[in-house]
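When a ligand or atom number is given, it counts from 1 through the structure's own listing order. Since the structure is predicted, the reported quantities are computational estimates derived from the model, not experimental observations.
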Amino acid sequence: MEIYFPPSVRNFVPKRFVFSAWVDHMCFGYDIVHAVRPKLLVELGTHNAFSYFTFCQSMLDHDVDGLCYAVDTWEGDQHIGDYDESVFDGVNSHNREHYHGFSYLLKERFEQAVHHFADESIDLVHVDGTHTEEAVTNDFNEWFPKVKPGGVMLFHDIASRREGFGVWRFWENLGSEYQTFAFAHGFGLGVLRKNGHPTTPNESQLLRLLFESSEEEQQQLREFYVHANRFHELRRKLGSAKFGIAHKQRAKLRERSAEQEAK
Ligand SMILES: C[S@@+](CC[C@H](N)C(=O)[O-])C[C@H]1O[C@@H](n2cnc3c(N)ncnc32)[C@H](O)[C@@H]1O
């Protein structure tokens with residue numbers, strides 16, 4: 001297998017860390033933006049923006065000259081439940097602080113937002129809205145025509161069999177007419193490339209591995225991303241442990257100097 005050493009394990013430190021079921025795809029999310037270099041990226045289903053800000057950070061870190069749109073009602077749905085305005089406020093203020101000028105939040109339903117985009121205009125779409133088979137099938141049918149030939153769609157939760165979740169069934173029924181790749185970890189992430197992609201010698205290494213490599217190499221890629229995310233998780237835990245130790249040491253020093261001053 002060719003050596004694959006992507007940016008997520010070289011120089012990625014997430015700017016914002018929030019709880020999300022998407023956490024195990026953080027490295028891949030960062031790398032797929034580096035690979036596709038989208039002029040237009042759209043996310044359907046953003047909530048706390050874990051996935052979305054991973055994409056935005058990669059756009060910025062790799063000087064990708066493109067626009068990003070996050071679409072969500074920011075009201076919740078039948079699977080994650082309802083949540084309050086503070087979620088949108090947090091996302092909005094982080095977005096303004098770090099990604100203003102290229103990243104926009106569209107607070108509306110997917111069915112409405114789809115009309116803002118021209119056919120065959122989007123390079124990368126991430127679908128992570130309501131996870132019933134019916135909802136994800138509608139999202140696919142409405143947004144697929146908006147994707148450029150050769151563009152990429154991501155689908156979260158293709159491996160989740162929790163009650164009411166049907167993305168796995170949608171994914172199984174997709175048929176063989178598309179180029180696809182499936183990660184099984186982290187509730188599953190499906191990657192689909194729309195036909196019509198001109199094969200160029202400059203194709204990114206990640207896209208080649210996803211869609212043009214042997215079964216053995218694809219399996220190695222899956223294992224690689226399981227480990228890449230574990231590496232980040234351990235580094236984060238180590239970082240917070242170090243921070244905890246440094247914090248305690250500083251507190252002790254402050255105590256000691258206060259004692260000395262008192263003498
Ligand atoms: C699973 S969450 C998204 C998680 C997020 N991608 C992350 O990284 O953690 C799904 C979101 O989709 C939104 N949603 C579901 N269906 C929607 C629709 N038809 N239009 C707009 N938003 C929708 C919900 O409000 C919810 O915030």
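- Heavy-atom minimum distance, Phe110 versus Leu44: CZ-C, 3.5 Å.
- Considering only non-hydrogen atoms, atom 4 (C) of ligand 1 lies nearest to Asp128 out of Asp128, Val136, Thr73, Leu44.
- Side chains of His116 and Glu108: a donor on one and an acceptor on the other come within 3.5 Å.
- A salt bridge does not link Arg208 with Glu217: every distance from a Lys NZ or Arg NE/NH1/NH2 to an Asp or Glu carboxylate oxygen is 4.0 Å or more.
- Within a 6.0 Å sphere centred on CZ of Arg96, other residues, nucleotides and ligands contribute 12 heavy atoms or fewer.
- Taking the ring centroids of Phe17 and Phe50, they lie under the 6.0 Å cut-off.
- Contact atoms of ligand 1 toward Ser51: 5 (C), 6 (N), 7 (C), 8 (O) (distance under 4.0 Å to a heavy atom of the residue).
- The closest approach between any non-hydrogen atom of His156 and ligand 1 is not below 4.0 Å.
- Close contacts of ligand 1 with Ile80, meaning ligand atoms under 4.0 Å from a residue heavy atom, involve 26 (C), 27 (O).
- The contact set between ligand 1 and Glu108, taken as ligand atoms under 4.0 Å from a residue heavy atom, comprises 21 (C).
- Using a 4.0 Å heavy-atom cutoff, Tyr52 is absent from the residues neighbouring ligand 1.
- Tyr30 and Asp61 form a side-chain donor-acceptor contact under 3.5 Å, judged by distance and modelled atom types alone.
- If you check which protein heavy atom lies closest to atom 20 (N) of ligand 1, you get Phe110 N, 3.0 Å.
- With a 4.0 Å heavy-atom cut-off, ligand 1 is reached by the backbone of Phe50 and by its side chain too.
- Looking at Trp22 and His126, their side chains do bring a donor and an acceptor atom within 3.5 Å of each other.
- With 3.5 Å as the limit, one finds no donor-acceptor pair spanning the side chains of Tyr225 and Ser8.
- Checked against a 3.5 angstrom limit, the closest N/O atoms of Gly76 and ligand 1 fall inside it.
- For His131, no nitrogen or oxygen atom sits less than 3.5 Å from a nitrogen or oxygen atom of ligand 1, counting backbone and side chain alike.
- Near Trp22, the atoms of ligand 1 lying under 4.0 angstrom from a non-hydrogen atom of the residue are 8 (O).
- Ranking protein heavy atoms by distance to atom 16 (N) of ligand 1, first place goes to Thr130 OG1, 3.1 Å.
- Remark: Lys39 does not engage Asp123 in a salt bridge, criterion side-chain N to carboxylate O under 4.0 Å.
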Side chains of residues 77-86: which donor-acceptor partners sit under 3.5 Å, not counting sequence neighbours?
{"residue": "Asp77", "atom": "OD1", "partner": "His79", "partner atom": "N", "Å": "2.9"}
{"residue": "Asp77", "atom": "OD1", "partner": "Ile80", "partner atom": "N", "Å": "3.0"}
{"residue": "Asp77", "atom": "OD2", "partner": "Thr130", "partner atom": "OG1", "Å": "3.4"}
{"residue": "His79", "atom": "ND1", "partner": "His131", "partner atom": "N", "Å": "3.3"}
{"residue": "His79", "atom": "NE2", "partner": "Gly164", "partner atom": "O", "Å": "3.4"}
{"residue": "Asp84", "atom": "OD1", "partner": "Ser86", "partner atom": "N", "Å": "2.9"}
{"residue": "Asp84", "atom": "OD1", "partner": "Ser86", "partner atom": "OG", "Å": "2.4"}

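- When each atom of ligand 1 is checked for a heavy atom of Tyr83 under 4.0 Å away, the hits are 25 (O), 26 (C), 27 (O).
- Proximity to Gly45 (heavy-atom distance under 4.0 Å) selects the following atoms of ligand 1: 3 (C), 5 (C), 6 (N), 11 (C), 12 (O).
- Scanning all protein heavy atoms for the shortest distance to atom 26 (C) of ligand 1 gives Asp72 OD2, 3.4 Å.
- With respect to atom 7 (C) of ligand 1, the closest heavy atom belonging to the protein is Ser20 OG, 3.5 Å.
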